[in-house]
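The structure presented is a predicted model; accordingly, all values stated were derived computationally and were not measured.
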Amino acid sequence: MKPKMFFTIALTISSFVVLGQTVNQVTDPVEYVNPLMGTDSKPDLSNGNTYPAIAVPWGMNFWTPQTGKMGDGWAYTYTADKIRGFKQTHQPSPWMNDYGQFSVMPVTGKMVFEQDERASWFSHKAEVSKPYYYSVYLADANVTTELTPTERAAQFRFTFPKGDSSYIVIDAFDKGSYVKVIPAERKIIGYSTRYSRGPLPNFRNYFVIYIDKAFADSKVWSDKSIVEGLELTANHAGAVIGFKTTKGEKVNMKIASSFISFEQAELNLKRELGGDSFDVTAQKAKALWNKRLNAISVEGGSVDQVRTFYSCMYRTLFFPHKMYEHDANNKIVHYSPYNGKTLPGYMFAGTGFWDTFRALYPFLNLVYPSINKEMQEGLLNDYKEGGWLPEWSSPGYADIMVGNNSASVVSDAYIKGLRGYDINTLYKALTHGANNEGPISAVGRKGVKFYNELGYIPYDVDINENAARTLEYAYDDFAIYQLGKALHKPESEIAIYAKRSQNYRNLFDPSSGLMRGKNKDGSFQSPFSPFKWGGAFTEGNSWHYSWSVFHDMNGLVTLMGGDQKFVTKLDSVFSMPPVFDESAYGGVIHEIREMQIANMGQYAHGNQPIQHMIYLYNYAGAPYKTQYWARETMNRMYRATPDGYCGDEDNGQTSAWYVFSAMGFYPVTPAVDQYVLGAPLFKKVTLNLENGKKVIINAGANSAENKYVKSLSWNGKPYSKNWVSHSELLKGAVLDFNMTPTANTQRGSDKKDYPYSFSTDK
């Protein structure tokens with residue numbers, strides 16, 4: 001078969017072995033991934049708010065077709081019908097928007113370069129989207145564009161029609177940019193300074209472009225006008241390169257970029273692309289994806305389930321993305337978003353810990369610990385260069401969301417076994433952040449004086465989302481305490497964090513059985529509606545945040561009146577109507593709408609605060625209800641389609657929930673060596689761990705009807721607990737789930753089998 005057919009037929013057909021509609025063996029997992037999952041979204045209704053990221057895992061640069069206008073966070077939306085360019089992006093979410101972006105676009109017939117004039121109609125029927133390869137037919141230009149990535153570079157292949165007026169437009173975007181055309185070398189260089197969250201001192205994304213065809217025409221442009229010369233610094237600079245082309249002529253382009261310099265961009269290009277052809281680069285990118293995705297193999301699910309699993313897994317392998325590069329001496333260096341200098345060591349960016357501490361980072365610690373070790377070293381550099389750990393890096397300190405959840409990210413990594421980096425300095429960074437307000441409200445702890453003195457942040461002291469902050473700080477204090485114990489810090493030093501971990505109790509309202517804002521004088525905020533979003537809470541209401549006691553569920557069970565009442569309370573989340581009070585926002589935010597239309601009561605899986613709640617039945621002797629609701633959520637809220645999520649995907653977190661749940665367990669309490677059990681989705685799952693061990697999860701009788709766990713054995717021996725140990729899994733294990741259509745209400749009902757809680761820890 002000819003190489004050009006490599007992408008169209010053979011791999012798709014040979015990527016799986018199917019008996020009926022059941023996938024018995026996955027040999028090519030990347031071919032199951034749909035990068036368009038979640039792209040049918042808009043600001044007032046998110047089905048993922050994703051874009052098709054054409055990249056390699058944790059690559060420094062991603063590429064995406066751009067349907068939105070320059071500066072629009074919704075870079076690609078499935079319902080759009082025109083493409084404006086092919087953009088290099090580092091965007092973690094549309095709400096955070098992008099940094100260091102620029103684009104390229106082929107046009108024909110007339111030299112046009114402004115984004116609306118160069119835009120071309122396209123159809124999904126003439127679009128191929130894979131993690132390692134993208135192709136689309138641009139109807140107005142009569143050009144097929146293909147692209148394939150490396151970590152810091154990419155190759156494009158344009159198939160032009162016959163004509164005297166074929167062009168490639170380079171758009172360095174506004175907010176300050178530069179371009180220079182060097183025809184003798186068939187080369188264009190430039191930089192973009194555009195970013196959305198700052199300040200970012202000395203920020204530039206330098207790019208170098210080579211085209212394999214001599215330039216017949218070269219122009220530079222500013223805003224909407226051609227400018228004399230071949231070099232330009234302007235608010236909005238770009239270039240246009242023209243050719244004469246024959247019918248079906250392929251013009252190849254190589255691009256690399258750097259946050260450090262043109263010289264480094266050139267080095268990145270030579271190192272990652274060298275003399276490779278387009279097809280070789282694509283084959284390498286595909287192989288890298290398969291290597292990463294093969295860390296987990298699934299068998300015995302439907303085609304749709306396998307597609308959804310690997311499409312979710314794909315999303316977990318992007319953020320935080322690498323910001324580091326390898327210099328001429330092959331030393332690891334990075335641009336610092338804190339001081340604008342080029343410094344040694346690792347740097348990552350583009351993630352919010354409020355989202356990702358819950359499941360994304362625990363997923364890395366289990367499946368890809370080596371990359372999280374690099375990320376921990378990157379956090380050290382964040383602290384050394386900026387004075388604080390980031391809570392939302394985009395790529396520096398972004399002033400958004402609440403909590404001090406770097407404590408969880410750092411502690412969970414060490415407790416799950418990561419070693420070989422300066423953990424004591426990271427511990428110092430955690431205690432610094434826990435006891436001080438930062439330069440912006442999302443760094444350190446806003447309201448820390450009230451929290452430390454009163455045991456909560458009052459509702460009436462003009463600190464927003466005060467109850468949410470209190471609950472998250474209490475868990476973060478627990479995480480610091482756990483790390484302190486692991487590092488053998490003296491009890492006199494860490495006891496305060498154990499004490500503060502119980503601050504969640506200060507917001508529990510016995511009259512409603514829920515968490516409630518509290519005033520400075522100790523009275524509860526009034527009037528109180530548990531359906532009111534915002535106010536005391538972050539993107540949720542009391543029904544969502546009342547379960548945010550990750551570390552001491554037994555304590556919460558006791559406050560709510562014991563196991564039976566706790567289970568009834570959990571049941572209420574699903575049985576209540578999806579009513580809401582949006583008055584704190586002055587309108588219905590998209591997270592509210594997504595809960596309302598999901599038909600799961602007050603359960604708002606499209607946002608992070610309640611995602612762990614399904615697993616809490618295990619703490620009150622009713623794990624069969626976890627098994628039911630986990631399966632319901634996987635079946636109803638996820639699918640590998642453009643509308644396949646039920647809210648913002650959020651940097652791998654919502655996807656990590658699915659991947660964990662499909663394996664049959666979930667990290668309710670990061671910084672503890674446990675995962676809480678649900679029930680596996682597939683007949684067999686194999687984890688190929690980095691240490692060479694395997695975890696094999698068998699559920700041979702699994703089916704749509706057989707969603708309950710009758711019994712479980714571990715390495716052939718009966719296993720009654722509602723949790724599994726991370727450290728034991730790392731030794732290798734075989735878990736055999738006996739699945740049935742009816743609930744076993746007795747299994748897991750004994751308190752000795754409940755998962756970890758701080759208040760029952762011996």
Inset, instruction - For the residue pair His90 and Phe259, categorise the inter-ring angle as parallel (less than 30°), tilted (30 to 60°) or perpendicular (more than 60°). - result: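 Judged by the thresholds at 30° and 60°, the geometry between His90 and Phe259 is tilted.
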Is the ring pair Tyr191/Tyr206 parallel, tilted or perpendicular, if the boundaries are 30 and 60 degrees?
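The arrangement is perpendicular - the two ring planes meet at more than 60°.
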Say whether [X] and [Y], considering side chains only, have a donor N or O and an acceptor N or O under 3.5 Å apart.
| X | Y | value |
| --- | --- | --- |
| Asp648 | Trp95 | yes |
| Ser406 | Glu391 | yes |
| Thr654 | Gln611 | yes |
| Ser394 | Tyr99 | no |
| Asn464 | Arg469 | yes |
| Ser336 | Glu385 | yes |
| Lys489 | Asn424 | yes |
| Gln376 | Asn372 | yes |
| Glu472 | Asn405 | yes |
| His612 | Tyr666 | no |
| His605 | Tyr645 | no |
| His236 | Asp171 | yes |

Notebook entry, point to check: Could Arg500 and Tyr451 be counted as a cation-pi pair, given that NZ or CZ must be under 6.0 Å from the ring centre and within 45° of the axis?
Noted result: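 Judged by the rule, Arg500 and Tyr451 form no cation-pi pair.
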Q.
Could you measure the distance from the SG atom of Cys312 to the CG atom of Leu317? Nearest 0.5 Å is fine.
A.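 Output value for this atom pair is 11.5 Å.
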- Message: To the closest 0.5 Å, what do you measure between CZ (Arg152) and CE (Met323)?
- Response: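 Arg152 atom CZ to Met323 atom CE measures 11.0 Å (nearest 0.5 Å).
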Quiz item: Which pair of non-hydrogen atoms, one from Pro57 and one from Glu151, has the smallest distance, and what is that distance?
Solution: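 Nearest heavy atoms, Pro57 then Glu151: O-OE2, 4.5 Å.
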Salt bridge check, Asp477 against Arg445: does any charged N sit closer than 4.0 Å to a carboxylate O?
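Between Asp477 and Arg445 there is a salt bridge, with a charged N closer than 4.0 Å to a carboxylate O.
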Query raised in the report: Can a salt bridge be assigned to the pair Asp98 and Lys87 using a cut-off of 4.0 Å between side-chain N and carboxylate O?
Result: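 Lys87 and Asp98: salt-bridged.
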Please identify which of these residues, Trp58, Phe348, Tyr51, Trp289, meets the ring pair (Phe, Tyr, Trp, His ring centres under 6.0 Å) condition with Phe318.
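Of the listed options, the one satisfying the test is Trp289.
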With Phe102, which of Tyr178, Trp63, Phe173, Phe86 fulfils ring pair (Phe, Tyr, Trp, His ring centres under 6.0 Å)?
->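 When ring pair (Phe, Tyr, Trp, His ring centres under 6.0 Å) is applied between Phe102 and each of Tyr178, Trp63, Phe173, Phe86, only Trp63 qualifies.
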*asked:* Taking the ring of Phe660 and the ring of Tyr675, is the distance between their centroids below 6.0 Å?
replied: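 Yes, close enough.
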